[in-house]
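Notes follow once the structure below has been shown.
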Amino acid sequence: MDPPVVIWEQEVRSLLHYRDLIPSLEVALGKFSSRDSAEVIQPVRSTIPLQKHSGFMGLMPTYMERDGILTTKFVCFYKRQEGSALPAVQASVVLLDPENGNLKAVMDGEVITATRTAAVSAISAKLLMRPGAEVLAILGTGKQAQSHYTVFTEMFSFKEVRVWSRMREGVERFIQSVGGPVKGCASVEEAVRGADVIVTVTGSTEPVLYSQWITPGAHVAAVGACRPDWRELDDVLMKDAIVYVDSREGAMTESGDIILSGAEVFAELGDVINGSKAAHRERTTVFKSLGMGVEDAVSAQLVFDQWKDKK
Ligand SMILES: NC(=O)C1=CN([C@@H]2O[C@H](COP(=O)(O)OP(=O)(O)OC[C@H]3O[C@@H](n4cnc5c(N)ncnc54)[C@H](O)[C@@H]3O)[C@@H](O)[C@H]2O)C=CC1
Ligand SMILES: O=C([O-])C1=[NH+]CCC1
């Protein structure tokens, strides 16, 4: 058996491309929602608190029998003070051979996490935003904001992209770093008024996005607030919108926006992909993302396959 390889940040970045990842993720989301254990076995993330450090470690094992993919991601995520130089999310992915259980690769999981999360949000927008969407608003200016800017501007032709952060410097840094057109906004309201698609990628634990500012028919990809007592969206928005999730079980266990608002989950993205639930593009829609192991699994397999081809 070959010894395991280590594939780290820059190399993962050079091997993982949205053009390959998005179709693989669409197939994987559909397989997950079919609840066929020969396709995907993926329990809800098991999470332990790192109380002393205001953080959590999540363990995300996944087995895709038909695809021969066995992985686990270890992800640590923290409630950071705004402006902290420490990363909010750190992750590693291990890829194993399901036949023997031997380790094939250890990979940097930060690039995988940033890339696959943005790709899944883009899939939600592709399925749920109204036709002719022109304005994208991004709330937050960290790692996820960057990856979401990249994939949303690659996949769609927005006429205007707006960004907001509570910290002015965050907005300025973001504008400098993305190398494309983007308008900095001084308030959430300014960023989201009239926006067709809104991405929330903040470290907030309280609502930042309120229904009263949103144009009916907008699509919201809500990516932060991944704990049962954390929020990004207000109750009215959660109750009025048609709510889609990545995993129903995950949402009922981990999403404060769903649990605390009492909002009803209409469907998983995979149900829409499989054609078993409708895409209500004409209504205000929320995609509540929590992140799934199956997304990391297909990403890691793509990275490993590309790495082998280049060897
Ligand atoms: N759904 C998913 O699959 C994933 C979700 N996440 C979550 O996405 C969020 C963003 O992650 P990263 O971009 O990696 O973090 P980051 O630390 O790089 O960026 C966080 C952004 O939120 C802002 N922020 C922090 N506290 C805030 C507050 N109280 N109110 C408003 N803005 C605030 C910061 O200024 C920064 O712009 C986090 O909540 C993280 O846990 C991260 C990875 C995957
Ligand atoms: O899926 C994921 O990797 C995460 N979800 C919340 C924080 C990290």
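We count ligands from 1, going down the list as the structure has it; atoms in each ligand are counted the same way. All values reported here derive from a predicted model rather than from experimental measurement.
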Nearest 0.5 Å, please: how far is CZ in Phe287 from OH in Tyr244?
12.0 Å
Quick one: nearest non-hydrogen protein atom to atom 11 (O) of ligand 1, plus distance?
Gln144 CG, 3.6 Å
Quick one: does Asp196's side chain have a donor or acceptor within less than 3.5 Å of a partner on Ala218's backbone?
no
Please report which non-hydrogen protein atom sits nearest to atom 39 (O) of ligand 1, along with the residue it belongs to and the distance in Å to one decimal place.
Thr202 O, 3.0 Å
Are any of the heavy atoms in Met167 under 4.0 Å away from ligand 1?
no
Shortest protein heavy-atom distance from atom 35 (O) of ligand 1, along with the residue and atom involved:
Glu82 OE2, 2.9 Å
Show me, by chain and number, every protein residue that has a heavy-atom distance under 4.0 Å to ligand 2.
Arg45, Met60, Lys73, Val75, Phe77, Thr113, Arg116, Cys226, Leu290, Gly291
So, is Ala145 polar-close to ligand 1, with some N/O to N/O distance under 3.5 Å?
no
Heavy atoms only: which of Ser147, Pro207, Gly142, Ser289 lies closest to atom 36 (C) of ligand 1?
Gly142
Measure Arg116 to ligand 1 on non-hydrogen atoms and call it side chain, backbone, both or neither using the 4.0 Å cut-off.
side chain
Heavy-atom distances under 4.0 Å are what count here, so tell me which part of Thr113 touches ligand 1: side chain, backbone, both or neither.
side chain
Show the atoms of ligand 1 that are less than 4.0 angstrom away from any heavy atom in Gly140.
37 (O)
With no hydrogens and no angle check, just 3.5 Å: does a side-chain donor-acceptor pair link Glu39 and Ser34?
no
Please name the residue in the list Gln42, Gln301, Met60 that meets the side chain to side chain contact (heavy atoms under 4.5 Å, CB included) test with Asp296.
Met60
Output the list of atoms in ligand 1 that are nearer than 4.0 Å to some heavy atom of Ala88, sorted by atom number.
15 (O), 17 (O)
On the six-membered ring of Phe266, is Lys277 placed so that its NZ or CZ lies under 6.0 angstrom from the centre and within 45° of the ring axis?
yes
Does Asp108 use its side chain to pair, donor to acceptor, with the backbone of Glu110 at less than 3.5 Å?
yes
Residue portion contacting ligand 1 (non-hydrogen atoms closer than 4.0 Å) for Arg166:
side chain
Numbered atoms and elements of ligand 1 in range of Gly291, under 4.0 angstrom, heavy atoms
1 (N), 2 (C), 3 (O)
Does Cys226 come within less than 4.0 Å of ligand 1, judged by its heavy atoms?
yes
Top protein contact for atom 22 (O) of ligand 1, by heavy-atom distance
Gly203 N, 3.0 Å
Which residue and heavy atom of the protein sit nearest atom 7 (C) of ligand 1, plus the separation
Val223 O, 3.7 Å
